[in-house]
Amino acid sequence: MNVYDSDRMLDLVNKKYFLVSSPDKADAILLNTCHIREKAAEKVYSEIGKYAYLKDNNKKLKIIVAGCVAQAEGKAMLQRQPVIDAIVGPQMYQILPDILLDKLNNKKIFLDFDEEKKFKKLGYDRKKALISSFITIQEGCDKFCSFCVVPFTRGSEFSRNLDDIVQEAISLTDKGCKEIILLGQNVNAYHGTTKRNSQASLAQLILELEKIKKLDRVSYTTSHPKDMTQDLIELHGNSKKLNPYLHLPVQSGSDLILKNMNRRYTTKEYLDIIEKIRKKVPNIALSSDFIVGFPGETIKDFKDTLKLVKEVKFAQSYSFKYSKRIGTKAYNINCNLSEEEKDDRLQELQSLLNDQKKCFNKSFLEKEVEVFLKGKGKKENQYRGTTKWMQTAIFECNKNKVGEKVKLRINKAFENCLMGELL
Ligand code: 5AD
Ligand code: SF4
């Protein structure tokens, strides 16, 4: 979502500002930040430290911190780093042009939650489109998982109007976009209003988007198991444009840990959803987030997570060591595990998940797949794109085809990518 936000920030200021290749050439440095885990948040301070000296040579230079670290730390950030010119929360960045034009009487902190106003100001006209582009359709979260800062940093659940989203999708597809990834912290809790003032679900929104002729693929992330409604599951079976990919974080395979995380489902309920969706789309790429070392996690709880992973067989995954976040319910629960124990568990889990990713990718060997080209690869004449299962695919070509769709025959499969030859 920060990628989407950063693009929209650029859209807002693009009449007066443009991207430069290095910080020393900039008149404004904008750090868009993430607060989800401690490591991500700490990075911000070391980054700001790197830019502070640039003000000696450029008196005009403004350093602005946006995003969830700005929201969470607020005034404390200014005290720790007085070099910052403005602190802007994720629901207030529509104010950026005014900050850059010094229109705000030295006010430096902007932390209101006014999504309605923000999206109104952003509008739906996109200045730049990639073959695969993001659209935020929902923000914030009312679930309050006991480990998570999102309900505090992004605010409560908000859904954009269906028609604004469709207009934004048309603006992107008119500029060459062929795949749209719908974003929300709780994207399947989407319930936007329509022109007729009725409420639309995520499945209804996707059906509307499918009517756009130039659009080939749709995906959505991140979903909560509790909001995996029947109409959405059905749509996976019926849709012509929905990617065979589902990111559905389970976090843990232990019912007790799930309860203490306040996830509001059991492992059985999670597995039932997986079974239903696999019945509709047998070759779907399933993806999940995992947290190891949540306070109270015993070796039995951890083994239950491994058991669930073995049962589901994920094609993609993101796994993290539990990170204590101020303000969350779990913050005050003492952790029973040493860092070393958490590291060992993470390693064991990741090794299993990596084997599963490799196994999923290997099932594509010798197959022909369509790939949307997103950019250049690491080597000369190498390009990279994605399949509709959201795998990265790499191939060699003498012509730059970024932004196009191509067909590859897959001849190598690794944990994190496929390699193929252009057909
Ligand atoms: N510690 C570790 N991982 C976390 N996540 C969210 N909060 C924490 C935390 N406090 C992970 C979850 C979530 C993903 C976006 O980040 O797995 O799904
Ligand atoms: Fe955080 Fe997701 Fe839980 Fe919401 S549902 S509190 S965003 S982990």
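Whatever order the structure lists them in is the order used to number ligands and atoms, beginning at 1. Keep in mind that this is a model prediction, so the values were computed, not measured.
Of the protein's non-hydrogen atoms, R37 NH1, 3.6 Å is the one closest to atom 5 (N) of ligand 1. Here the protein heavy atom with the shortest distance to atom 9 (C) of ligand 1 is S323 O, 3.5 Å. Taking atom 4 (C) of ligand 1 as the reference point, the nearest protein heavy-atom neighbour is I291 CD1, 3.6 Å. Looking at atom 15 (C) of ligand 1, its nearest protein heavy atom turns out to be D289 OD2, 3.7 Å.
Q347 meets the side chain to side chain donor-acceptor pair (under 3.5 Å) test with no other residue; sequence neighbours excluded.
Using a cut-off of 4.0 Å between Lys/Arg side-chain N and Asp/Glu carboxylate O, K55 and D85 are scored as salt-bridged. Ion pairing between a basic and an acidic side chain is recognised when a charged N comes within 4.0 Å of a carboxylate O; E38 and R325 show no such pairing. A salt bridge between D355 and K310 is absent, with no side-chain N of the basic residue lying under 4.0 Å from a carboxylate O of the acidic one. Comment: K279 engages E275 in a salt bridge, judged by a side-chain N to carboxylate O separation of less than 4.0 angstrom.
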So I394 and Y383, side chain to side chain contact (heavy atoms under 4.5 Å, CB included) or not? Walk me through it.
CA-CA 6 Å; I394 295 170; Y383 292 89; over 6 Å; no

E179 vs N243, test: side-chain hydrogen bond (donor to acceptor under 3.5 Å, both in side chains). Steps then yes/no.
CA-CA 9 Å; E179 176 180 60; N243 286 346; 2.9 Å; yes

For K357 and Q391: C-alpha separation, side-chain torsions, deciding distance, then whether side chain to side chain contact (heavy atoms under 4.5 Å, CB included) applies.
CA-CA 10 Å; K357 284 188 212 173; Q391 300 140 300; over 6 Å; no

Given the rule in the ring-ring contact (aromatic ring centres under 6.0 Å, His included) test, do Y220 and H247 qualify, once you have shown the distances and angles that lead to the verdict?
CA-CA 8 Å; Y220 59 92; H247 180 65; over 10 Å; no

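Listed by chain and number, the protein atoms of type N/O/S under 2.8 Å from atom 3 (Fe) of ligand 2 are C145 SG; waters are omitted.
Close approach of ligand 1 to F320 is summarised as follows: ligand atoms under 4.0 Å from at least one heavy atom of the residue are 3 (N), 11 (C), 14 (C), 16 (O), 17 (O). Ligand 1 places these atoms under 4.0 Å from at least one heavy atom of R325: 10 (N). Within ligand 1, counting atoms from 1 as listed, the ones closer than 4.0 Å to a heavy atom of Y322 are 1 (N), 2 (C).
When H224, H35, Q251 are ranked by how near their heavy atoms come to atom 12 (C) of ligand 1, first place goes to Q251.
Only the backbone of K321 comes within 4.0 Å of ligand 1, judged by heavy-atom distances. Contacts between F147 and ligand 1 below 4.0 angstrom, taking non-hydrogen atoms only, involve backbone and side chain alike.
Contact annotation: the side chain of V65 never approaches that of V88 to less than 4.5 Å [non-hydrogen atoms, C-beta and beyond].
For an aromatic pair to be called close, the ring centres must be under 6.0 Å apart, and F152 with H35 fails this.
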